Amino acid sequence: MKAIRIRGSRPLSGTIRVGGAKNAALPILCATLLSDGASLLRNVPALRDIDTTAALLRFLGRDVIVAAPEVRVAPATRVARPEAPYELVRQMRASVLVLGPLVARYGRAKVSLPGGCAIGARPVDQHLMGLEALGAKITVEHGYVIAEAPRLRGAEIVFDMPTVTGTENLLMAAALARGRTTLVNCAREPEVVELAAVLNKMGAEVQGAGSSVIHVVGRDELDPFDHAIQSDRIEAGTFMAAIGAAGGDVLLEEAPLDDLEPVVAKLRQAGVEIEREGAHARVRRLGPIRAVDVTTAPHPGFPTDMQAQLMAMMTVATGRSVMVETIFENRFMHVPELVRMGADIETHHNTAIIQGVQRLSGAGVMATDLRASASLVIAGLIAEGETIVHRVYHLDRGYERIEEKLAGAGADVTRIDANGEEA
Ligand code: EPU
């Protein structure tokens, strides 16, 4: 099995380019199911989750050509089966995003329930509640959700909590429903705003995305689209934390600073200089790292997807930081691995207390989920000696060639095989 080897304690310099946003591309790929024509997505990152979504769309009767950074999706000649099997859904929870489009488009959908995952239970009750409100009959049997409705009809839906993929699923369903839908207490993430823009390109009428109330006027049919995916704010934030942790001076190309305000604010407080340079950001850390406290929150709060990476940086800060995770109940799995590298971290329920230490030392560590893996890579950049991050497939779900991008900025990071040879 492949691993990432990092020889740490070197500052970063040069240029790193940020790719397209995974969590924007996934729902937008699923939105292609709403139309009968051929759609083109540009600036799509080459990631395992994109390949999984492509496999799912093929299973659902689409021809999908993935030639990153472009993906073309067209209806295939074979009969569509509106069914997402367990084998595909278990690889990626975001597969549940086909539920709304399928029931809206075909009147029936059978999608495996995603179940729990490494970072928590992550139920989909809000997705189902919303589809029921739009008139779908929902049954759950043998681990599958079956949603049926000859034609969805607009409704007012109030979410119990802001859910990103829940809001996206309901937006897509409402875009083909008869009449007007109002979604209340929506997720306000930039990825929701981008999906709404794509639905508008397709001919739906979506207003209010980015605020907590969204109105959708559905259509009988939707058009195919051509769309370039925005830059990945979490990939950009991850590199900012890496530069902050390792020190140095890097030009981060295509960094979506407007979507990163809470992350940029915390990094600046911690002593990282971040300046806009056109579409890019210059990121520098020359002085010491100062401890900062963080509580994760739905957008525009500090993203849970950046908690692990900031924690890696805080392990060598001057002082003590307190990090509270409010979105997922089991998102501290990087902690025991960071401790193995010499970090001083205590956790109590959803709170981690990080007492900065002088240095980390390289070790073999195990990645458990995508963002935890990124945090271990960052810890490896700080540490003295060699760090080997195992289970790289987690990283490959959401970071395109992270080792090449970091190596391009002067880090000693290589992908190795089971024999320790460069892979
Ligand atoms: N929730 C429910 N019921 C639901 C839906 C959500 O209780 O029906 C709860 C969740 O358990 C969680 C909270 O609501 O406590 C928010 O979860 P949300 O639904 O917003 O998460 P998600 O849509 O499953 C997306 C991202 C995640 C990111 C979260 C939070 C995608 C494909 N995934 O997940 O990204 O952490 O929003 O911002 O957009 C990642 O990229 O590493 C990742 C995990």
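What you are looking at is a predicted structure, and each value in this text was computed from that prediction instead of being measured. The analysis underlying the following values was restricted to heavy atoms, covering all of them including side chains, and did not include hydrogens, waters or symmetry mates. As the structure lists them, so they are numbered: ligands from 1, and atoms in each ligand from 1.
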Which of the numbered atoms in ligand 1 are below 4.0 angstrom from a heavy atom of [X]?
{"X": "Leu370", "answer": "42 (O)"}
{"X": "Ala94", "answer": "32 (C)"}
{"X": "Asp305", "answer": "27 (C), 28 (C), 35 (O), 36 (O), 40 (C), 41 (O), 42 (O), 43 (C), 44 (C)"}
{"X": "His127", "answer": "8 (O)"}
{"X": "Ile327", "answer": "12 (C), 15 (O), 16 (C)"}
{"X": "Val124", "answer": "4 (C), 8 (O)"}

In sequence, state the C-alpha distance, the side-chain angles, and the governing distance for Asp36 and Arg105, and then conclude on salt bridge (Lys or Arg N to Asp or Glu O under 4.0 Å). CA-CA 10 Å; Asp36 277 340; Arg105 174 72 188 71; 2.4 Å; yes
Which segment of [X] sits under 4.0 Å of ligand 1 when only heavy atoms are counted:
{"X": "Gln126", "value": "both"}
{"X": "Pro123", "value": "both"}
{"X": "Thr165", "value": "both"}
{"X": "Arg331", "value": "side chain"}
{"X": "Thr304", "value": "side chain"}
{"X": "Arg371", "value": "side chain"}

pair [X]-[Y]: side-chain heavy atoms closer than 4.5 Å:
{"X": "Arg276", "Y": "Asp258", "value": "yes"}
{"X": "Phe332", "Y": "Met311", "value": "yes"}
{"X": "Asp232", "Y": "Pro45", "value": "no"}

Distance to 0.1 Å, residue and atom name: give those for the protein heavy atom nearest to [atom].
{"atom": "atom 3 (N) of ligand 1", "answer": "Asp125 OD1, 2.8 Å"}
{"atom": "atom 25 (C) of ligand 1", "answer": "Val164 CB, 3.9 Å"}
{"atom": "atom 10 (C) of ligand 1", "answer": "Phe328 CE2, 4.1 Å"}
{"atom": "atom 19 (O) of ligand 1", "answer": "Thr163 OG1, 2.7 Å"}
{"atom": "atom 14 (O) of ligand 1", "answer": "Met161 CG, 3.5 Å"}

What closest approach, in Å, do Gly135 and Ala149 show between heavy atoms, and which atom pair accounts for it? O-CB, 3.8 Å
[X] and [Y] ion-paired at < 4.0 Å:
{"X": "Asp49", "Y": "Arg93", "result": "no"}
{"X": "Arg42", "Y": "Asp226", "result": "yes"}
{"X": "Arg282", "Y": "Glu275", "result": "no"}
{"X": "Lys22", "Y": "Glu235", "result": "no"}

Would you check if there is a donor-acceptor pair between the side chains of Thr296 and Glu325 at a distance under 3.5 Å? yes
Can any side-chain N or O of Gln307 pair as donor or acceptor with the backbone N or O of Arg331 at less than 3.5 Å? yes
Sub-4.0 Å heavy-atom approach of Arg122 to ligand 1: yes
Heavy atom of Lys22, distance to ligand 1 below 4.0 Å: yes
According to the side chain to side chain donor-acceptor pair (under 3.5 Å) rule, which pairs have a member within residues 183-199, sequence neighbours left out? Glu191-Arg233, Glu194-His227, Glu194-Gln230
Out of Thr296, Ile234, Asn23, whose heavy atom is nearest to atom 26 (C) of ligand 1? Asn23
